[in-house]
Amino acid sequence: MTHLFSCIHISQRVRQLTVAMATAVACGASLAAGPAIFKDADLKLGEQLIAQNKCTQCHVSKVGGDGSAMYKPQGRINEAGLLRGMVEQCNSMLNLQMFPEEVTAVAAVLNRDHYRFAK
Ligand code: HEC
């Protein structure tokens, strides 16, 4: 009887390991890909727009340093969609007249350099 019992035990263990491995693979994939909304973002364009629109300059004048203290990944903006929304809000508030794909590009760069949301 003890033999049968330990066999069941081992097969459960194998199943747990398989699930753990599958999860690790899935997480690795989503980490490499990043948030779906930034999948086709033009990062070069985003960098240009950030420089051009003086985003950093103004943030530095508010928070000092290199301005990156303005970006608070642990704050109320806690996922990619909200980050893009915030950039869109700045876009209209400051009347920057960026196109939707430009807003996406800017948000994608901020995510890559500061927020690092995986989804
Ligand atoms: C004229 C000054 C000014 C300019 C220009 C400016 N910002 Fe900001 N930005 C601010 C201020 C002030 C805040 C803080 C607002 C708050 O906390 O409610 C802020 C906050 C933000 C946040 C939210 C940070 C967080 O994690 O809470 C993001 C994202 C952001 N700005 C992006 C941009 C981008 C991108 C640009 C350029 C396209 C830009 N800003 C240009 C002044 C500016």
Side-chain angles (χ1 to χ4, degrees):
M1 253 358 220
T2 48
H3 176 71
L4 180 64
F5 186 78
S6 71
C7 275
I8 291 167
H9 190 76
I10 285 167
S11 84
Q12 275 176 344
R13 189 80 196 115
V14 166
R15 222 183 21 235
Q16 274 169 8
L17 276 174
T18 312
V19 169
M21 275 162 62
T23 309
V25 168
C27 287
S30 80
L31 206 75
I37 58 166
F38 297 149
K39 192 167 66 71
D40 297 320
D42 184 341
L43 296 172
K44 268 266 160 300
L45 174 68
E47 286 167 358
Q48 279 165 13
L49 288 164
I50 288 170
Q52 207 172 300
N53 288 302
K54 314 202 187 314
C55 313
T56 307
Q57 250 153 291
C58 181
H59 292 164
V60 166
S61 76
K62 308 277 180 201
V63 298
D66 65 356
S68 65
M70 185 60 90
Y71 305 127
K72 298 179 277 283
Q74 314 304 334
R76 65 209 151 101
I77 295 170
N78 55 15
E79 49 118 6
L82 289 176
L83 175 57
R84 195 195 172 283
M86 183 72 210
V87 176
E88 181 59 69
Q89 208 173 302
C90 288
N91 182 39
S92 29
M93 216 162 53
L94 302 168
N95 201 18
L96 303 176
Q97 303 188 319
M98 288 192 282
F99 291 112
E101 62 269 27
E102 294 180 320
V103 170
T104 299
V106 167
V109 169
L110 294 182
N111 191 55
R112 182 197 63 190
D113 295 349
H114 303 285
Y115 291 87
R116 300 174 203 281
F117 301 133
K119 63 180 176 70

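Counting convention: from 1, in listed order, for ligands and their atoms alike. Every heavy atom of this structure was used, including side-chain atoms; hydrogens, water molecules and symmetry mates were not.
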Below 4.0 angstrom from a heavy atom of [X], which ligand 1 atoms are there? Numbered from 1 as shown, please.
X: Val106; answer: 35 (C)
X: Leu96; answer: 38 (C)
X: Ile77; answer: 23 (C), 25 (C), 26 (O), 27 (O)
X: Arg76; answer: 16 (C), 17 (O), 18 (O), 27 (O)

Atom 26 (O) of ligand 1: nearest protein contact (heavy atom, Å):
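Checked against all protein heavy atoms, atom 26 (O) of ligand 1 sits closest to Tyr115 OH, 2.6 Å.
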Flag yes if [X] and [Y] sit in one hydrophobic cluster, no otherwise; membership is Ile, Leu, Val, Met, Phe, Trp, Tyr, and two members link when side-chain heavy atoms are under 4.5 Å apart.
X: Met70; Y: Val103; value: no
X: Val63; Y: Leu110; value: no
X: Val60; Y: Met86; value: no

Quick one: does any side-chain atom of Asp66 pair with a main-chain N or O of Ser68 as donor and acceptor, under 3.5 Å?
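Pair found, side chain donor or acceptor close to backbone of Ser68.
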Within less than 4.0 angstrom of ligand 1, does Gln57 place any heavy atom?
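For ligand 1, residue contact (heavy atoms, under 4.0 Å) with Gln57 is absent.
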Within-shell test, Ile50 vs ligand 1, heavy atom, strictly < 4.0 Å
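Not so, Ile50 does not reach ligand 1.
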Phe117 side, atom CZ; Asn78 side, atom CG - distance, nearest 0.5 Å
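So the CZ of Phe117 and the CG of Asn78 are separated by 6.0 Å.
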With rounding to the nearest 0.5 angstrom, report the CD1 to CG distance, Ile50 to Asp113.
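Going from CD1 on Ile50 over to CG on Asp113, the span is 7.0 Å.
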Taking only protein atoms, how many N, O or S atoms are found under 2.8 Å from atom 8 (Fe) of ligand 1?
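Protein N, O or S neighbours of atom 8 (Fe) of ligand 1 under 2.8 Å, waters not counted, come to 1.
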If the condition is side chain to side chain contact (heavy atoms under 4.5 Å, CB included), which residues does Arg116 pass it with, not counting sequence neighbours?
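Expected list: none.
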Any nitrogen or oxygen of Lys72, side chain or backbone, less than 3.5 Å from one on ligand 1?
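So ligand 1 has an N or O lying under 3.5 Å from an N or O of Lys72.
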Contact bool for atom 15 (C) of ligand 1 (protein heavy atom, d < 4.0 Å):
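There is no protein heavy atom less than 4.0 Å from atom 15 (C) of ligand 1.
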Yes or no on side chain to side chain contact (heavy atoms under 4.5 Å, CB included) for Arg84 and Thr104, after CA distance, side-chain angles and deciding distance?
CA-CA 6 Å; Arg84 195 195 172 283; Thr104 299; 2.8 Å; yes
Classify the angle between the aromatic ring planes of His59 and Tyr71 as parallel (below 30°), tilted (30 to 60°) or perpendicular (above 60°).
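Rings of His59 and Tyr71: perpendicular, as their planes differ by over 60°.
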Do Met98 and Asn53 come within less than 4.5 Å of each other through their side chains, counting heavy atoms only?
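Answer yes - side chains close enough.
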